[in-house]
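Nothing here was measured: the structure is a model prediction, and the numbers come from that model.
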Amino acid sequence: MEATPEGNESSRVAKTLISFYSNYLSNRFTSLFPSFPSNFLEKISNLYRQTLLPVSTKRRAGLPLPLPSNSVNSTRTASEASRIYEVLNDIMDRFILNLHKIQENLQFWQSIAEGSNARKVYFMIFERGPRAFVNGSVQLMREAVTGGSAMQNLSNSSSVYISERIAVLSSLRCSLAAFLAQFYVEVDKCGKELAEDPEKSFSSLMHTLNGLFSKLDASIGHLHALRQNDSSVEGTYSFPLLFETLPEISQEESQWTNSEIKEAINLVCTNLQALDSYLALMVAKHQKPSNVTRYWIRYTCGAVGLSVCSFWLLRHSRLMGSSDIDIWIREAKESTVSFFNDHVEQPLLAIRDELLDTFKKRQKGVMDMEEVKLTSDSLHRMLLAFSEQTKGEAFPENASDQEMLEIVMLRYEKELVHPIQNLLHGELARALLIQVQKLKLDIEMAMLELDQILRANEINFAILAALPAFFLSLGLIVAVRAWFRQDTKAEGRGRIARIQRRLLIVEIEKTIMQYQAYFDQGLETDAQCMFGLLIYCLDRLYHAVRRHAKATGEWQCLKQDIIDLGRPGLQTSYKLIVTARMERVYDCLLPSLKRQ
């Protein structure tokens, strides 16, 4: 159920780590050389910071700020106004990205905590690297020898290990979510003023941000108190989180000057940089193990197996003077070609030839048009002679066979009155032979039409012979396509991705109801935390459905519904109606069965 926010996250983390360690090296250098000018490194640090602090000019595709639609696209071209919008967007983007990193690691530790004791012990021994494997194995054997409860002790230590990380990450998540919620509400309050005159309303918003950063500093600064003496977290919590405060600028003035706005923006960027540095190190100390660490046994077995195979291949290669590999390659090639000829090509050619040779061998067909014409001319002459003899008058050569056949049938009916006598002395036998000739002509006409139908379908039989290979190729293409397109994230196209998007709607509904419950109970801090998590979930949904909704033409309506869910002033009942409508109406959020 992860919808990873895209952006410049990797470069931002690298910059934060560089900034932190540059400050550390600066302090160490100053302590080693006290007489060296202290402002030299400070000037270098300030120069580097000025190159980092300008906010990004391109936002990632996430939930927009609650500003009027014409604010960003207005005719204002002042550089300071555009920087105000950029810094506000940058604040929201950075907090959402940091929330995503914390949430991703927190969900991992919560899933481990919800598992059984055996699962926790397995994690502590086998999924924390070789050192933890050795230490855990030694502890198990030592307590097994002394008669202690090894599994129970490991289970208890794993619970402490996991709960400590959950506590720190939960505290970080709640603090960031509360900041994001208050920031979003403040921007929503002064949205019209920001759209009309950003410079004028920026002063009050910056003083509010100053207070929010102070609250954030106070809420995160107590994390060192959660650290126990025998903590499993490596390192220390002693690195401080210090936010710079806004200078005392006169608020009686109706509008700040450009220099004051620039200074305030730089201070906000400095605070964001400090927050990113702090969170990068805090999350790194409490993050989930990497895949290499968790599956180190598999990778080790794979590396050992690969090494053995490489050594074995080396022994049979030309480098060691052996031609075994060349012989095996030649035999494999011959076997593959033989298998293809025996089980694919030859059967298909045999089926094709068996079907088409039937038509090739009968070049004139079962019935030819000349044979039919001969039978028809013979019948015409027989009818003409019988009719002239019966009527006693001459008939034209182009007389209709149908008229003459009627004469034959009338004579035939009369002859049947005395069949024995007329069979010997009458025209009964002659009339019977004429009818046999007529039946022969009808049969030949039917066979001629059947032959024409078979000739016309020769190409269809040829295509039928190629159907097995076609279906085999089609199945292979579908399998390869499904393997390449497997995507379990909410941005994907498959069934699992569609389920993840629907689960995001469920998570949004639960967050809305939990926020309302905290609000009704008067728990303001918890309510702010829930509202910040709601903004985070809406951003994930916004990012997950954007491409799919644009493809189906639903984006404008769906975008407005997502923005409405984040508006602080809307009632909870209306928001729940919106979520129900989203699950029921929009194609990118429907279940797969309903789409069919």
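- Taking Asp526 as the reference, nothing meets the salt bridge (charged side-chain N to carboxylate O under 4.0 Å, His left out) condition, with sequence neighbours excluded.
- Checked against salt bridge (charged side-chain N to carboxylate O under 4.0 Å, His left out), Arg298 has no partners two or more places apart in sequence or in another chain.
- Crowding of Arg581 atom CZ: a count of heavy atoms from other residues, nucleotides or ligands under 6.0 Å exceeding 12.
- For Trp109, the ring-ring contact (aromatic ring centres under 6.0 Å, His included) partners at least two apart in sequence or on another chain are Phe123, Tyr161.
- A donor-acceptor contact shorter than 3.5 Å links the side chain of Arg501 to the backbone of Cys588.
- Residues satisfying the side chain to side chain donor-acceptor pair (under 3.5 Å) test with Thr293, not counting sequence neighbours, are Ser290.
- Every residue meeting the side chain to side chain donor-acceptor pair (under 3.5 Å) condition with Arg567, not counting sequence neighbours, appears here in chain and number order: Asp564.
- Residues passing the ring-ring contact (aromatic ring centres under 6.0 Å, His included) test with Tyr122 are Phe126, sequence neighbours excluded.
- Under the 3.5 Å distance criterion, the side-chain polar atoms of Ser170 are left unmatched by any main-chain donor or acceptor of Ala167.
- Pairs of residues two or more places apart, or lying in two chains, that qualify as ring pair (Phe, Tyr, Trp, His ring centres under 6.0 Å) and include a residue from residues 165-188 are Phe95-Phe179, Phe179-Phe213.
- Remark: Thr552 pairs with Glu554 by the side chain to side chain donor-acceptor pair (under 3.5 Å) rule, at least two apart or across chains.
- For Arg173 (side chain) and Leu169 (main-chain N/O), no donor-acceptor pair under 3.5 Å exists by modelled atom type.
- Contacts classified as ring pair (Phe, Tyr, Trp, His ring centres under 6.0 Å) and involving residues 548-590 (residues at least two apart or in different chains) are given here: Tyr542-Trp555.
- By the salt bridge (charged side-chain N to carboxylate O under 4.0 Å, His left out) test, Arg294 is found to be paired with Glu127, residues two or more places apart in sequence or in another chain being considered.
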Identify all side-chain donor-acceptor contacts of residues 511-524 below 3.5 Å with residues at least two apart in sequence or on another chain.
residue, atom, partner, partner atom, Å
Thr511, OG1, Glu507, O, 2.7
Gln514, NE2, Tyr518, OH, 3.3
Gln516, OE1, Thr572, OG1, 2.5
Gln516, NE2, Asp520, OD1, 2.9
Glu524, OE2, Gln528, NE2, 3.4

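- Residues satisfying the side chain to side chain donor-acceptor pair (under 3.5 Å) test with Ser259, not counting sequence neighbours, are Thr257.
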